[in-house]
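Note that the structure is predicted; figures quoted are calculated from it, not measured.
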Amino acid sequence: MKKYFNVFLEFDKEIVHSTIQNAVKNNHKGYVCAIESNNLSIANKDPYFNHVVNQALINVCDGSNIARFLSKLHHRHFTAYIGNDIFNYFISQKSYTHYFLGNTESILLELKKQLSSLDPRINHMFFESLPFRKVEEFDYPKIAEKINQQNPDLIWISLGAPKQELFMYNLLPFLKRGIMFGVGAAFNYLTKTGPVKRAPKWMLEAKLEWLYRAWEEPKKNIPRYWNFIKILPFLLYQERKLIQSTNQPK
């Protein structure tokens, strides 16, 4: 991984896949962050959160606008790897054991039904909701004990950013093995249950999912986008300056 906008990111999907596959094969533990405009903004304002995301096994870029800005700055083609897509990829492999954590009981019931139709083994895997509380109030040893008993390869966590990143960081020391993913609303997208849904296909192809999310949950997402817009000039300036210093002859 290389740092972009002060956060480690990997844009090569093959490297993302092989890093996770090797970690599972070797019984390692770690977590994966999907970096989008909200948690990128927080990572550039909060040193502790910056440390959390940069301690990840690997990070993917979950924002098409982030990829677009970096493409222009570095004169390379960067493509986002949306958290929902990485979720679908590893589910479709049908070669891992999974643990699904977070969201609501109703969403998890529908998720289990949907995923079991794709891979019948998933019907026997664990789906667990979490109580609504502050990230520092969770009983991490107890949560980890349940996960360790199942010994899953992959642990999917749906709490939303930045809560899920902090949750994974706090849970990691108590796990024996397994790779955690913070996938936000991926559970909701697959089940098509509740108020949170994936953008229409034409908006996905036009890289306008951010606009759909703003329309779908304006009170939640518009302030987040505004925070990113406010910090964006500084990020662009800092990244451009770093590129110039790196390209200077020694």
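At a threshold of 4.5 Å between non-hydrogen side-chain atoms, the residues F49 and V7 do not count as touching. Counting heavy atoms from C-beta outward, P152 and I147 have side chains that approach closer than 4.5 Å. For the pair D62 and I82, the minimum side-chain heavy-atom distance is below 4.5 Å. L130 places a side-chain heavy atom less than 4.5 Å from the side chain of I143. The closest side-chain heavy-atom distance from N151 to T97 is not below 4.5 Å. Looking at Y89 and D85, their side chains never come closer than 4.5 Å, going by heavy atoms from C-beta outward. Using a 4.5 Å heavy-atom cutoff, the side chains of E137 and P131 are not in contact.
Test H98, M180, Q93 against L154 for side-chain contact (heavy atoms from CB on, under 4.5 Å) and you get one pass: H98.
At distances below 3.5 Å, not a single donor-acceptor pair connects side-chain atoms of D46 with backbone N or O atoms of I42. Counting only distance, with no hydrogens or angles, the side chain of K94 and the backbone of P120 share no donor-acceptor pair below 3.5 Å. Formation of a donor-acceptor pair under 3.5 Å by the K112 side chain with backbone atoms of I122 is not found in this model. Panel note: side chain S129, backbone N103; no donor-acceptor pair is recorded below 3.5 Å. One N or O on the side chain of K29 and one on the backbone of L172 form a donor-acceptor pair closer than 3.5 Å. A donor-acceptor pair under 3.5 Å links the side-chain atoms of S71 to the main chain of F78, judged by distance alone.
Here the straight-line distance linking atom CG of N227 with atom CG of L40 works out to 11.5 Å at 0.5 Å rounding. If you take CD on Q150 and OH on Y99, they are separated by 6.5 Å, rounding to the nearest 0.5 Å. Atom CG in L111 sits 8.5 Å away from atom OG in S116 (nearest 0.5 Å). Atom OG of residue S18 and atom CG of residue D12 lie 8.0 Å apart, to the nearest 0.5 angstrom. Expressed to the nearest 0.5 Å, how far OG1 of T19 lies from NE2 of H28 amounts to 12.0 Å. To the nearest 0.5 Å, atom CG of residue N44 and atom CG of residue N39 are 10.5 Å apart.
Not counting sequence neighbours, the partners of E128 by the salt bridge (Lys or Arg N to Asp or Glu O under 4.0 Å) test are K146. When the ring pair (Phe, Tyr, Trp, His ring centres under 6.0 Å) test is applied to F87, the partners found at least two apart in sequence or on another chain are W156, F187. Judged as a ring pair (Phe, Tyr, Trp, His ring centres under 6.0 Å), and not counting sequence neighbours, F174 has no contacts. Partners of E136 according to the side-chain contact (heavy atoms from CB on, under 4.5 Å) rule, which considers only residues two or more places apart in sequence or in another chain, are K134. Applying the side-chain hydrogen bond (donor to acceptor under 3.5 Å, both in side chains) test to E10 and every residue at least two apart in sequence or in another chain returns nothing. Remark: F90 pairs with H17, Y96, F181 by the ring pair (Phe, Tyr, Trp, His ring centres under 6.0 Å) rule, at least two apart or across chains. F127 meets the ring pair (Phe, Tyr, Trp, His ring centres under 6.0 Å) test with F100; sequence neighbours excluded. Remark: S41 engages no residue in a side-chain hydrogen bond (donor to acceptor under 3.5 Å, both in side chains) (not counting sequence neighbours). Remark: D119 pairs with R121 by the side-chain hydrogen bond (donor to acceptor under 3.5 Å, both in side chains) rule, at least two apart or across chains. Under the side-chain hydrogen bond (donor to acceptor under 3.5 Å, both in side chains) criterion, Q21 pairs with no residue, sequence neighbours left out.
For K72, the NZ atom is loosely surrounded, since the number of other residues' heavy atoms within 6.0 Å does not exceed 12. Summarising the local packing, NZ of K25 is surrounded by 12 or fewer heavy atoms from other residues, nucleotides or ligands at distances under 6.0 Å. Within a 6.0 Å radius of CZ in R133, more than 12 heavy atoms belonging to other residues, nucleotides or ligands are found. More than 12 heavy atoms of other shown residues, nucleotides or ligands fall within 6.0 angstrom of atom NZ in K3.
In plain terms, the two heavy atoms of L159 and G102 that are nearest each other are CD2-CA, 4.4 Å. Shortest non-hydrogen contact noted between A34 and G83 is CB-CA, 4.3 Å. When every heavy atom of G160 is checked against every heavy atom of E165, the shortest pair comes out as O-OE1, 4.4 Å. In plain terms, the two heavy atoms of A43 and V53 that are nearest each other are CB-CG2, 4.2 Å. When all heavy atoms of I107 and N188 are compared, the pair lying nearest together is CD1-ND2, 3.9 Å. Heavy atoms only, all atoms of each residue included: A67 and A80 are closest at CB-N, 3.8 Å.
Relative ring orientation between F11 and Y4 is described as perpendicular, the plane-to-plane angle rising above 60° on a 0-90° scale split at 30° and 60°.
Y48 and I231 fall within the same hydrophobic cluster, where Ile, Leu, Val, Met, Phe, Trp and Tyr residues are linked whenever their side-chain heavy atoms come under 4.5 Å apart, directly or through other members. At a threshold of 4.5 Å between side-chain heavy atoms, the hydrophobic network of Ile, Leu, Val, Met, Phe, Trp and Tyr places L109 and I91 in two separate groups. Under the 4.5 Å side-chain heavy-atom criterion for Ile, Leu, Val, Met, Phe, Trp and Tyr, L242 and F8 are members of distinct hydrophobic clusters.
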Return all side-chain donor-acceptor pairs below 3.5 angstrom for residues 234-241, not counting sequence neighbours, or 'none' if the list is empty.
residue, atom, partner, partner atom, Å
Q238, OE1, N6, ND2, 2.6
E239, OE1, F5, N, 2.9
E239, OE2, H74, NE2, 2.9

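N54 and N50 share a donor-acceptor pair across their side chains, judged by distance under 3.5 Å alone.
Among residues at least two apart or in separate chains, salt bridge (charged side-chain N to carboxylate O under 4.0 Å, His left out) pairs with a member in residues 168-189 are D153-R177.
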Run the side chain to side chain contact (heavy atoms under 4.5 Å, CB included) check on I66 and F228 step by step: do they pass? CA-CA 10 Å; I66 296 172; F228 177 64; 4.3 Å; yes
